[in-house]
Colleague: 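Quick one: the structure is below, questions incoming.
In what follows, chains carry the letters A, B, and so on, assigned in the order in which the sequence lines appear, proteins first and then strands, with residues in each chain numbered from 1. When reading the values below, keep in mind they use all heavy atoms of this one structure, side chains included, and skip hydrogens, waters and symmetry mates.
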Amino acid sequence: MIDIPKTYDPKEAERHHYARWEERGYFAPEINKDRNAPVYTIVIPPPNVTGSLHMGHALQHTMMDVLTRWKRMLGWRALWLPGMDHAGISTQLMVTRQLKKEGLTRHDLGREKFVERVWQWKEEYGGQILNQLRREGASVDWSRFRFTMDESMSRAVREAFVRLYDAGMIYRGNRIVNWCPNDQTVLSDLEVLREPQKGKLYYLRYPFKDGDGSITVATTRPETMLGDTAVMVHPDDERYRDVLGKTLILPLVNREIPIVADDFVESEFGTGAVKVTPAHDPHDYEAGLRHHLEQISVIDKYGRMTEAAGADFAGLDRYKARDLVIEKLEAQGLLEKVVDYENAISKCERCKTVLEPLISTQWFCRMDKLRDAALAKLRDDRKPRFVPDVPYEKVYSDWLENLRDWTISRQLWWGHQIPAWYTPSGDVIVARTRAEAEAKAGTNELTQDEDVLDTWFSSALCPFSTLGWPDETDDLKTFYPSSVLITARDIIFLWVSRMVMTGLEFMGKEPFDDVYVTGTVLDKHSQRMSKTKGNGIDPLEVFEKYGVDATRLTLASVGSTDTRWSEKQVESYRNFANKIWNAARFCLLNAEGGPLSGDPFADHENLPLHDRWILSRLNKTARAVNAQLEQYEFHGVVQTLYHFFWDDFCDWYIELSKSTVTAEADSETRQIARARLIAILEQSLRLLHPFMPYLTEELWQRLPVGHSHLLHGAYSDSEPTIMLAAYPEGDAALIDEAAEAEMQAVIDLISRVRNIRSEMNIKPSDRIQVMIAATSNLQSVFAASADQIARLTRAEVSIDGNAQTPEAAARAVLSGGAEIAVPLEGLIDFAQERARLSREKEKLQKEAEKLERQLNNSDFVSRAPAEKVSELRARVEDIAQRSSALDQMLEALS
RNA sequence: GCCCGCUUGGCUCAGCGGUAGAGCACUCGCUUCACACGCGAGGGGUCAGUAGUUCGAAUCUACUAGCGGGCACCA
């Protein structure tokens, strides 16, 4: 007897298979020997080197793996390309912290040594997520793994930079930017966190230069007043008509500043007069340009006041300066009032420091042309295709339309140093290499720009830089563009849009056909999981407790809508995994003598009903599964598989096969029944494999089948693995509606008898008798299934339309013209039976009335499709028949 | 402020123009020779509300309410 544990132990299966799959190269598209096979590509949105696996990753990875495994089994050359990004700011922060513990700063080490330290850190602590990817069963091609700081990727970054610069799309300029005083670097708009905060609104009086009086302005940041160069009012504001063009004396500084008119001002807000600090506010910066105002920087890159703020303030922290400004203004009677006020404040996404808008020289990427190309692609070709299209297509295009230039330089040491050099005379040379720059400049006295590029600048190139671009490699030709990008919605801007723009610019083609946007896994209070809230659930712990396969199934069924995390759900899929294990256990315990070759379902016409039925169900399921995967209907496909395996295969097919399969004596009938059972199981495992890779491989390897023959043709010379077995696509010829209808009648009959058993409180161990009278068609169906009906109802079955049934019997009427009687001499309570039948009659009557009403509506009969009308008529007829049979029964009982 | 999504049994979610579904929870009965992470039988929903379109609406349209999200937030 084969020894198989009664309960599935996921850890056991998870321990072995992955390493074997990886070693044997199953993940690489080269395993596929069919040169004409279609290509399927997914480039992973590279997780960052400092990150570790969270639920969102696990969700996306599951879906990517499902699709990759599915296409691979269909014989496609499937490539899932893994990568990782260098996360400039976060990583530098990690290492800086590490140094701090040693009492060092990065400047103590110098740039070169510091970068070395970062590489060391990366080797030691970075990329945790890569092993977690393995744990998930992700079938990524590790041989093509790319890290954004690898030389090949760095080269692509320099190439892209040079090309964009030469095309006039990258420029260096002095503009207002988001500055993080803590990280000492500029940030792009997308890295800014907007958070509401309780603050104050200060009303300040600015006196007129000539004559008495003053204008009151409101501000949340009084310290910036030291850098004010104007006050603005709305041109139509009656209150200020007379003061337009007048001059004010800026308090504390005694600078003369003008009053100018600008539409931007909202007269209703505050006093309707706005102080303008072009050097420390993005809106004021724009206004400053419009009115040719001086830009006076009063705050430096450390968030301290500059010399320009005046001797009293220079060197003070910006918040200390705020207090001092207020104190001094109050002393001079220029503080009108202070009110509580809530507004949104910009913070650094990573370190949460309040950002300081500063004027600074940075590199920018112009977005107009890139943006227009992306928008045109969407408008003309509807590419990329968003799934679901509502609302993401609009989210994407709205964002693109309002796009501003992208700040791409960062004041960091970890990252791609900008390929720009300065000559002694200050000319800028942009080139791929220093040598190229020297040649261009005609001198070797060049200094390279100190800054590095935004990490996203390199990530945006991933869809093609990972494939070898700028070289026209075979990989690039073969695998670009990729088939689908799977991602969470907060990445649409950071990634999707930028990849589309660079893809169109450099490759002339969008980087992926489809963009599938996953839902979000929320906690049970509908809150997003986050580190700061501490409400995150660690996928690794879930793997540990319920197994990887069960977790994958749970995550796959999230699909594209947000879902609250429920451990009960994982538990039910854990139970499903166990159900599969035990179904296989049953098959294996009864496998002896099952033939190894040949199609056990060969003689299709003459198969028993339940065999034709399960074949029909299986093939229908396979077709549905393929269709649903094609449409990214992850939730639906999980339901389809679950229902087929548990309800159709386990609850019915195994039970219907049992008497033959478990017969004591060996026989050809027993052999073939066993072979059929195993064949259905085997195909089911293949259908399930993309979702549950470990369990299915574990079981599949144990099945007594000719494994090699089951491999897809493209992998026929490989070692057998379910990973490379042919994915069942479903044969339409095996779908047999008649068999399904007949089987349904048998199932209904068995259910009705069980219902009688239960309602009449008949002990499971008590044998009963079931007498069946049916119309000729069903009569033969039931007759052929009599043994199975008997077994599943624990009854003696007799089928005879003319037999006399005893009065003391529980009865039921089936749809399609069949009646059953269960003689219950001495056991039956006539009143109870009457009540039961009457309830049933009532139900039928209600339904009949509803149908009659519809059929009596002449509009319905004339306008609804004829098919629909006749369907309803047939139902009415069936109900009438059952109803009158019930009447007879009731009459007999009275 | 602008835009979007969601609202279906106690809970978590499917369905998205033609007889209201699943899992969990609940009730009853089962150590039936794969599985108690199980088997069998049940109960439970006017599909948020209102008005429309339609022969027919949970499903389409508009509005309302509640919840959630995105963008812009004006000092």
Colleague: For the P atoms, the ones on B:rG29 and on B:rG45, what distance do you get once it is rounded to whole angstrom?
Modeller: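 The answer is 23 Å between these two P atoms.
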Colleague: Quick one: salt bridge (charged side-chain N to carboxylate O under 4.0 Å, His left out) partners of A:Arg371, sequence neighbours excluded?
Modeller: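 A:Arg371 satisfies salt bridge (charged side-chain N to carboxylate O under 4.0 Å, His left out) with no residue once adjacent residues are dropped.
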Colleague: Testing the 3.5 Å rule here: is there a donor-acceptor pair between the side chains of A:Thr520 and A:Arg489?
Modeller: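 Distance-only check passes for A:Thr520 and A:Arg489.
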Colleague: Which pairs, protein N/O on one side and nucleotides 6-13 of chain B N/O on the other, fall under 3.5 Å?
Modeller:
| from | atom 1 | to | atom 2 | distance (Å) |
| --- | --- | --- | --- | --- |
| B:rC13 | OP1 | A:Arg564 | N | 2.5 |
| B:rC13 | OP1 | A:Arg564 | NE | 3.3 |
| B:rC13 | OP2 | A:Arg564 | NE | 3.2 |
| B:rC13 | OP2 | A:Arg564 | NH2 | 2.8 |

Colleague: Do the side chains of A:Trp399 and A:Leu190 get nearer than 4.5 Å, heavy atoms only?
Modeller: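 Yes, close enough: below the 4.5 Å cut-off.
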Colleague: Which whole-number value in Å describes the distance from A:Arg791 CZ to B:rG40 P?
Modeller: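 Distance, rounded to whole Å: 14 Å.
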Colleague: A:Glu759 CD to B:rG42 C1': how many Å, rounded?
Modeller: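 Rounded to the whole Å, the gap is 8 Å.
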Colleague: Regarding A:Lys763, tell me which of base, sugar-phosphate or nothing describes its non-hydrogen contacts under 4.0 Å with the strands shown.
Modeller: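 Nothing, no nucleic acid heavy atom in range.
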Colleague: Touch check for A:Val390, heavy atoms < 4.0 angstrom, all strands: base, sugar-phosphate only, or nothing?
Modeller: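 Since only primed, P, OP1 and OP2 atoms lie under 4.0 Å of A:Val390, the category is sugar-phosphate.
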Colleague: Using a cut-off of strictly less than 4.0 Å between a heavy atom of the residue and any atom of RNA chain B, enumerate the qualifying residues of residues 573-582 of chain A by number.
Modeller: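 Those residues are A:Arg574, A:Asn575, A:Asn578, A:Lys579, A:Asn582.
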Colleague: What I want to check is whether the side chains of A:Arg194 and A:Ser346 have a donor and an acceptor closer together than 3.5 Å.
Modeller: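 Short answer, yes.
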Colleague: For A:Lys337, which residues count as a salt bridge (charged side-chain N to carboxylate O under 4.0 Å, His left out) partner, sequence neighbours excluded?
Modeller: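 In terms of salt bridge (charged side-chain N to carboxylate O under 4.0 Å, His left out), with neighbours along the sequence ignored, A:Lys337 is linked to no residue.
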Colleague: When you check the gap from the basic side-chain N to the acidic O, do A:Glu698 and A:Arg702 get nearer than 4.0 Å?
Modeller: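 Salt bridge present between A:Glu698 and A:Arg702.
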Colleague: Take the protein atom CD of A:Glu401 and the nucleotide atom C1' of B:rG70, then report the distance between them rounded to whole Å.
Modeller: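 The distance from CD of A:Glu401 to C1' of B:rG70 comes to 15 Å, rounded to the nearest Å.
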Colleague: Stem finding on RNA chain B, please: runs of three or more consecutive Watson-Crick or G-U wobble pairs, both distances under 3.5 Å, sorted by first number.
Modeller: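 Only these stems qualify: B:1-7 with B:65-71, B:10-13 with B:21-24, B:26-30 with B:38-42, B:48-52 with B:60-64.
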Colleague: Does the side chain of A:Thr793 come under 3.5 Å of the side chain of A:Arg754 through a donor N or O and an acceptor N or O?
Modeller: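 No donor-acceptor contact under 3.5 Å links the two side chains.
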Colleague: Considering only atom P, compute the distance from B:rG9 to B:rA58 and round it to an integer number of Å.
Modeller: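 15 Å, rounded to whole Å.
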Colleague: With sequence neighbours excluded, tell me which residues meet ring-ring contact (aromatic ring centres under 6.0 Å, His included) with A:Phe634.
Modeller: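 Residues passing ring-ring contact (aromatic ring centres under 6.0 Å, His included) with A:Phe634: A:Tyr516.
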Colleague: If you compare every side-chain N and O of A:Lys6 against the phosphate oxygens of B:rG38 (OP1, OP2), does one of them come in below 4.0 Å?
Modeller: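 It does not, given that no N or O in the side chain of A:Lys6 lies less than 4.0 Å from OP1 or OP2 of B:rG38.
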Colleague: When the C1' atoms of B:rA48 and B:rA25 are compared, how many Å lie between them, rounded to an integer?
Modeller: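 24 Å, rounded to whole Å.
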Colleague: With a cut-off of less than 4.0 Å, is there a side-chain N or O of A:Asn857 near OP1 or OP2 of B:rG56?
Modeller: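 So the side chain of A:Asn857 is outside the cut-off, no N or O lying under 4.0 Å from OP1 or OP2 of B:rG56.
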Colleague: Looking at residues at least two apart in the chain, or sitting in another chain, which of them share a ring-ring contact (aromatic ring centres under 6.0 Å, His included) with A:Tyr694?
Modeller: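 With neighbours one apart ignored, the set is A:Trp21.
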Colleague: Measure from CH2 on A:Trp646 to P on B:rG23 and round the result to the nearest Å.
Modeller: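 The distance from CH2 of A:Trp646 to P of B:rG23 comes to 9 Å, rounded to the nearest Å.
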Colleague: How would you list, by chain and number, every residue that makes a salt bridge (charged side-chain N to carboxylate O under 4.0 Å, His left out) with A:Glu286, sequence neighbours excluded?
Modeller: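 Testing A:Glu286 for salt bridge (charged side-chain N to carboxylate O under 4.0 Å, His left out), a comparison that skips the adjacent residues, returns none.
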Colleague: Figure out the CG/C1' separation between A:Asp398 and B:rC4, and round it to whole Å.
Modeller: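 Answer to the nearest Å: 10 Å.
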Colleague: With sugar-phosphate meaning primed atoms plus P, OP1 and OP2, does A:Glu871 contact a base, only sugar-phosphate, or nothing at under 4.0 Å between heavy atoms?
Modeller: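 Since no nucleic acid heavy atom lies under 4.0 Å of A:Glu871, the category is nothing.
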Colleague: Is there a side-chain contact between A:Val558 and A:Thr518 (heavy atoms, below 4.5 Å)?
Modeller: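 The answer is no; the side chains never approach within 4.5 Å.
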Colleague: Could you list the donor-acceptor pairs under 3.5 angstrom formed by side chains in residues 574-581 of chain A, with sequence neighbours left out?
Modeller:
| from | atom 1 | to | atom 2 | distance (Å) |
| --- | --- | --- | --- | --- |
| A:Asn578 | OD1 | A:Tyr8 | N | 3.0 |
| A:Trp581 | NE1 | A:Pro5 | O | 2.8 |

Colleague: Answer with base, sugar-phosphate or nothing: what part of the nucleic acid does A:Glu655 contact at a heavy-atom distance below 4.0 Å?
Modeller: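 Base contact - A:Glu655 has a heavy atom under 4.0 Å of at least one base atom.
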Colleague: In whole Å, I'd like the distance from the OH atom of A:Tyr642 to the P atom of B:rC37.
Modeller: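 Going from OH in A:Tyr642 over to P in B:rC37 covers 14 Å.
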Colleague: Taking the P atom of each, how far is B:rU7 from B:rA75, in whole Å?
Modeller: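 36 Å, rounded to whole Å.
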Colleague: Starting from P on B:rG40, measure out to CG on A:Asn761 and report it in whole angstrom.
Modeller: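 From A:Asn761 CG to B:rG40 P: 19 Å.
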Colleague: Under 3.5 Å, which N/O atoms of the protein pair with N/O atoms of nucleotides 71-75 of chain B?
Modeller:
| from | atom 1 | to | atom 2 | distance (Å) |
| --- | --- | --- | --- | --- |
| B:rC73 | OP1 | A:His283 | NE2 | 3.4 |
| B:rC74 | OP2 | A:His283 | NE2 | 2.6 |
| B:rC74 | N3 | A:Glu266 | OE1 | 3.4 |
| B:rC74 | N3 | A:Glu266 | OE2 | 3.0 |
| B:rA75 | OP2 | A:Tyr341 | OH | 2.3 |
| B:rA75 | O3' | A:Thr219 | OG1 | 3.4 |
| B:rA75 | O3' | A:Thr220 | N | 2.7 |
| B:rA75 | O3' | A:Thr220 | OG1 | 3.2 |
| B:rA75 | N6 | A:Glu266 | O | 2.6 |
| B:rA75 | N6 | A:Phe269 | O | 3.3 |
| B:rA75 | N1 | A:Glu266 | N | 3.4 |

Colleague: Hey, does A:Val395 have a side-chain heavy atom less than 4.5 Å from the side chain of A:Phe386?
Modeller: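 A side-chain contact under 4.5 Å is absent here.
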Colleague: Taking only the P atom of each, what is the distance from B:rC24 to B:rC37 in whole angstrom?
Modeller: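 Pairwise P distance, B:rC24 against B:rC37, rounds to 12 Å.
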Colleague: With a 6.0 Å cut-off (strictly less than), is the heavy-atom count around CD of A:Glu842, excluding the residue itself, greater than 12?
Modeller: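 No, CD of A:Glu842 has 12 or fewer neighbouring heavy atoms, counting only those of other groups under 6.0 Å.
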Colleague: In whole Å, what separates the P atom of B:rC47 from that of B:rC28?
Modeller: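 Each nucleotide's P atom is 30 Å from the other's.
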Colleague: Please compare A:Pro865 and A:Asp651 by the position of their nearest nucleotide in RNA chain B and report the one closer to 5'.
Modeller: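 First, find each residue's nearest nucleotide; the 5'-ward one identifies A:Pro865.
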Colleague: Atom CZ of A:Arg794 to atom P of B:rG29: distance rounded to whole Å?
Modeller: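 Taking CZ of A:Arg794 and P of B:rG29, I get 18 Å after rounding.
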Colleague: Taking B:rU19 as the reference, what is the distance to B:rG52 when you measure between their P atoms (whole Å, please)?
Modeller: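 These two P atoms come out 25 Å apart once rounded.
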Colleague: Among all residues two or more places apart in sequence or in another chain, which pass the side chain to side chain contact (heavy atoms under 4.5 Å, CB included) test with A:Tyr341?
Modeller: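 Only A:Leu201, A:Thr220, A:Phe269, A:Asn343 meet the side chain to side chain contact (heavy atoms under 4.5 Å, CB included) criterion with A:Tyr341.
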Colleague: Name all pairs fulfilling the side chain to side chain donor-acceptor pair (under 3.5 Å) condition that reach into residues 851-861 of chain A, sequence neighbours left out, sorted by first residue then second.
Modeller: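 For residues 851-861 of chain A, and leaving out neighbouring residues, there are no side chain to side chain donor-acceptor pair (under 3.5 Å) pairs at all.
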Colleague: Could you check which of B:rG23, B:rC37, B:rC30 has an atom nearest any side-chain atom of A:Ser572?
Modeller: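 Out of B:rG23, B:rC37, B:rC30, the nucleotide with an atom closest to A:Ser572's side chain is B:rG23.
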Colleague: Regarding A:Cys650, tell me which of base, sugar-phosphate or nothing describes its non-hydrogen contacts under 4.0 Å with the strands shown.
Modeller: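 The answer is base, as A:Cys650 lies within the cut-off (heavy atoms under 4.0 Å) of a base atom.
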Colleague: Distance between the C1' atoms of B:rA20 and B:rU59, in whole angstroms?
Modeller: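 Approximately 12 Å lies between the C1' atom of B:rA20 and that of B:rU59.
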